[in-house]
Amino acid sequence: MAATDGVTSKELLEAQSHLWNHIFSFINSLSLKCALELGLFDAINNYKKPIPLNELAKTLSIPDARLQNFERFLRLLVHNGFLSQTSTDASIDSYTLTTNSVPLIKEKGQSITPFIELMLDETLLNPWQSLSAWFKTETPSTAFEMFHGTFIWEATGKMPEFGKLMREGLGSDSQSIIKVIMEDCGELFEGVKSLVEVAGGTGTMALRIKEKFPEVKCTVLDLPHMINAMEKSDQVEYVAGDMFEFIPPADMLILKWVCHGWSDEACITLLKRCKEAIPTQENGGKAIIIDKVMNTTDEIHPKLTETQLHFDIHMMVHTTGKQRTEKEWKKLFDEAGFKGYKIIPALGLRSIIEIYH
Ligand code: SAH
């Protein structure tokens with residue numbers, strides 16, 4: 001029987017609302033983007049108590065003529081769990097932040113706003129226009145390249161504004177998780193005398209580690225155009241190079257969000273270079289991969305599976321990589337010659353994978 005046979009009108013209406021929900025899903029992302037552009041969350045945070053609508057509009061320079069539109073916009077953010085609404089008296093609605101909006105506040109020093117700005121920038125949204133055409137061709141390797149005419153890691157050099165967004169966006173993500181890693185998994189750094197943040201972007205993790213463990217020699221390796229463009233610190237060493245060719249030797253390597261951007265074949269080459277750069281396990285060598293392990297992370301969010309699938313397709317559109325299950329990760333480690341691994345599911349949707357040979 002075909003799926004369309006015997007479908008009742010009630011079922012068709014349900015299908016229609018299912019579709020509408022999907023058609024308009026982008027409104028969730030883009031209203032978040034708009035709220036960040038307006039400086040909404042910081043304004044509410046700075047007020048230090050529930051902020052009345054009029055006051056919030058005034059702080060954000062929203063004219064009276066737009067007040068009703070603005071209130072409707074806030075209603076969506078309340079529904080989406082980024083604000084809560086309180087009535088201070090019968091007539092005045094006021095707004096406060098929720099736990100979900102804490103990572104958006106600059107004052108806390110751990111704002112992931114630059115990461116959201118990167119993810120929702122048109123440079124990353126536009127390649128979706130090329131996705132169906134990309135499916136029907138064998139080259140180029142990504143829809144990003146089909147749209148922009150250049151591979152994403154070259155684009156960060158050829159399109160300087162995008163390069164800046166990338167550095168700031170990924171840097172803000174590193175800033176937010178390195179604190180958790182050092183606080184909850186400090187034993188990872190025991191006995192480590194030197195480390196390299198491989199494809200480290202701004203090297204934010206290496207910098208924070210150096211602050212906490214000044215005796216550790218920290219190095220950041222990335223492509224020459226990234227290293228040349230970034231703000232540098234004299235606390236860490238910067239190496240401009242190609243990680244598929246050579247990785248400076250160290251006791252510990254850190255690869256955050258690196259492997260998920262590359263094919264299995266490329267990852268195996270990269271992991272072989274990693275193996276050459278570190279001592280054996282007995283001599284204190286290890287590489288730390290910070291990435292997702294599909295389906296094994298604790299259920300910390302009701303939409304976990306959807307988020308994992310979205311991330312996987314995000315990587316497919318922009319890079320040659322993918323999200324991997326434990327079995328897929330193990331295959332890479334085996335083929336690159338590592339003798340063992342340990343998954344530490346300490347970072348919410350992501351895990352720390354320690355590998356050694
Ligand atoms: N680890 C950082 C950056 C991840 S993005 C973080 O999570 O914040 C991937 C990084 O890989 C980019 O900074 C990009 O410039 C770098 N990269 C891409 N190809 C590379 C190569 N062949 N050698 C070294 N770095 C590379």
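The figures that follow rest on heavy atoms only: side chains count, while hydrogens, waters and symmetry mates do not.
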Original post:
Does the side chain of Met182 reach to within under 4.5 Å of the side chain of Leu188, using non-hydrogen atoms?
Top reply: no
**OP:** Nearest 0.5 Å please: distance from the NZ atom of Lys212 over to the CD1 atom of Ile178.
**Re:** 9.5 Å
**OP:** Give the intermediate values and the outcome of salt bridge (Lys or Arg N to Asp or Glu O under 4.0 Å) for residues Arg273 and Glu276.
**Re:** CA-CA 5 Å; Arg273 294 295 88 78; Glu276 288 159 9; 3.0 Å; yes
Original post:
Around atom NZ of Lys179, are there more than 12 heavy atoms of other residues, nucleotides or ligands at under 6.0 Å?
Top reply: no
Original post:
What is the distance from atom NZ of Lys58 to atom CG of Asp64, rounded to the nearest 0.5 Å?
Top reply: 10.5 Å
**OP:** Applying side-chain hydrogen bond (donor to acceptor under 3.5 Å, both in side chains), run through Thr320 and Ser263 and close with a yes or a no.
**Re:** CA-CA 5 Å; Thr320 52; Ser263 66; 5.0 Å; no
Original post:
What do the steps show when you test Lys339 against Glu282 for salt bridge (Lys or Arg N to Asp or Glu O under 4.0 Å), and what is the final call?
Top reply: CA-CA 12 Å; Lys339 74 173 181 201; Glu282 296 71 37; 2.7 Å; yes
Original post:
Are Phe147 and Phe26 connected in the hydrophobic side-chain network, where two residues link if heavy atoms are under 4.5 Å apart?
Top reply: no
**OP:** For this output row, return yes or no: ring centroids of Phe144 and Trp153 closer than 6.0 angstrom.
**Re:** no
Original post:
Quick check: are there more than 12 heavy atoms from other residues, nucleotides or ligands sitting under 6.0 Å from NZ of Lys342?
Top reply: no
Original post:
Is there side-chain contact between Asn28 and Leu32, with heavy atoms separated by less than 4.5 Å?
Top reply: no
Subject >> Passing option when Lys322 is tested against Asp291, Asp264, Asp312 for salt bridge (Lys or Arg N to Asp or Glu O under 4.0 Å) >> reply: Asp264
Original post:
Once the angle between the rings of Trp257 and Phe311 is folded into 0 to 90°, is it parallel (under 30°), tilted (30 to 60°) or perpendicular (over 60°)?
Top reply: tilted
**OP:** Flag the pair His148 / Met159 as yes when at least one side-chain heavy-atom distance between them is below 4.5 Å, and no otherwise.
**Re:** yes
Original post:
Should Ile355 and Ile289 count as side-chain neighbours, where that means a heavy-atom distance under 4.5 Å?
Top reply: yes
**OP:** Assess Lys49 against Tyr47: is NZ or CZ under 6.0 Å from the centre of the six-membered ring, and within 45 degrees of the ring's axis?
**Re:** yes
Original post:
Counting only heavy atoms not in Glu187, do more than 12 sit closer than 6.0 Å to its CD atom?
Top reply: yes
Subject >> Note: Glu14-Lys10 ion pair, threshold 4.0 Å (strictly below) >> reply: yes
**OP:** State whether the number of non-hydrogen atoms from other residues, nucleotides or ligands found under 6.0 Å of Glu231 atom CD is greater than 12.
**Re:** no
Subject >> Linked, directly or transitively: Val317 and Phe135 (ILVMFWY side chains, under 4.5 Å) >> reply: yes
**OP:** Please name the residue in the list Asp93, Thr96, Leu74 that meets the side chain to side chain contact (heavy atoms under 4.5 Å, CB included) test with Gln85.
**Re:** Asp93
Subject >> side-chain hydrogen bond (donor to acceptor under 3.5 Å, both in side chains) evaluation trace for Gln175 with Ser172 >> reply: CA-CA 5 Å; Gln175 182 86 5; Ser172 74; over 6 Å; no
Original post:
Any side-chain heavy-atom pair from Ser111 and Leu104 closer than 4.5 angstrom?
Top reply: no
**OP:** Kindly assign one of parallel, tilted or perpendicular to the pair Phe338 and His357, based on the angle between their ring planes and the thresholds 30° and 60°.
**Re:** perpendicular
**OP:** Using a cut-off of 6.0 Å, state whether more than 12 heavy atoms not belonging to Lys327 lie near its atom NZ.
**Re:** no
Original post:
Between His310 and His314, does the ring centre distance come in under 6.0 Å?
Top reply: no
Original post:
If Ile, Leu, Val, Met, Phe, Trp and Tyr residues are connected whenever their side-chain heavy atoms lie under 4.5 Å apart, and connections chain through other members, are Met316 and Leu349 in the same group?
Top reply: no
Subject >> From CG (Leu165) to CD (Glu168), nearest 0.5 Å >> reply: 7.0 Å
Subject >> Arg350 and Asp173 ion-paired at < 4.0 Å >> reply: yes
**OP:** Return yes if a side-chain donor-acceptor contact under 3.5 Å exists between His318 and Thr142, otherwise no.
**Re:** no
Original post:
Within a reach of under 6.0 Å around CD of Glu265, are more than 12 heavy atoms found that belong to other residues, nucleotides or ligands?
Top reply: no
Original post:
Do Thr86 and Tyr95 touch side chain to side chain, with heavy atoms closer than 4.5 Å?
Top reply: no
**OP:** Rounded to the nearest 0.5 Å, what's the gap from OH on Tyr341 to CG on Leu332? Could you check?
**Re:** 11.0 Å
**OP:** Check whether any side-chain heavy atom of Tyr356 sits under 4.5 Å from a side-chain heavy atom of Thr280, and report yes or no.
**Re:** no
**OP:** Identify the heavy atoms of Met226 and Gly201 that sit nearest to each other, and give their distance.
**Re:** CE-CA, 4.3 Å
**OP:** Would you mind checking if Lys331 and Glu328 are paired as a salt bridge, meaning a charged N to carboxylate O distance below 4.0 Å?
**Re:** no
Original post:
Looking at CD1 of Ile268 and CZ of Phe333, how far apart are the two atoms once the value is rounded to the nearest 0.5 Å?
Top reply: 11.0 Å
Original post:
Are Ser141 and Glu145 close enough that a side-chain donor and a side-chain acceptor fall under 3.5 Å?
Top reply: yes
Original post:
If we only count heavy atoms from C-beta on, is the Leu53 to Phe70 side-chain gap below 4.5 Å?
Top reply: yes
**OP:** Give a yes or no on whether Ile44 and Phe73 share a hydrophobic cluster (residues Ile, Leu, Val, Met, Phe, Trp, Tyr; joining criterion: side-chain heavy atoms under 4.5 Å apart).
**Re:** yes
Original post:
Does NZ in Lys164 sit with more than 12 non-hydrogen atoms of other residues, nucleotides or ligands closer than 6.0 Å?
Top reply: no
**OP:** Report, as yes or no, whether the 6.0 Å neighbourhood of atom NZ on Lys33 holds more than 12 heavy atoms from other residues, nucleotides or ligands.
**Re:** yes
Subject >> Gly203 versus Val220, closest heavy-atom pair with distance >> reply: CA-CG2, 3.7 Å
Subject >> salt bridge (Lys or Arg N to Asp or Glu O under 4.0 Å) between Lys330 and Glu326, intermediate numbers included >> reply: CA-CA 6 Å; Lys330 182 177 183 315; Glu326 180 172 351; over 6 Å; no
**OP:** Measure the spacing between CE of Met252 and CG of Leu195 and express it to the nearest 0.5 Å.
**Re:** 6.0 Å
Subject >> Arg324/Met294 under side-chain contact (heavy atoms from CB on, under 4.5 Å): CA gap, chis, key distance, verdict >> reply: CA-CA 6 Å; Arg324 295 179 168 91; Met294 289 274 269; 5.8 Å; no
Subject >> Ile353 and its side chain to side chain contact (heavy atoms under 4.5 Å, CB included) partner, picked from Val293, Ile290, Ile344 >> reply: Val293
Original post:
How far apart are the C-alpha atoms of Asp251 and Lys286, what are their side-chain angles, what is the distance that settles it, and do they pass the salt bridge (Lys or Arg N to Asp or Glu O under 4.0 Å) test?
Top reply: CA-CA 7 Å; Asp251 296 332; Lys286 63 184 150 207; over 6 Å; no
Subject >> Transitive ILVMFWY side-chain link Phe244 to Leu255, under 4.5 Å >> reply: yes
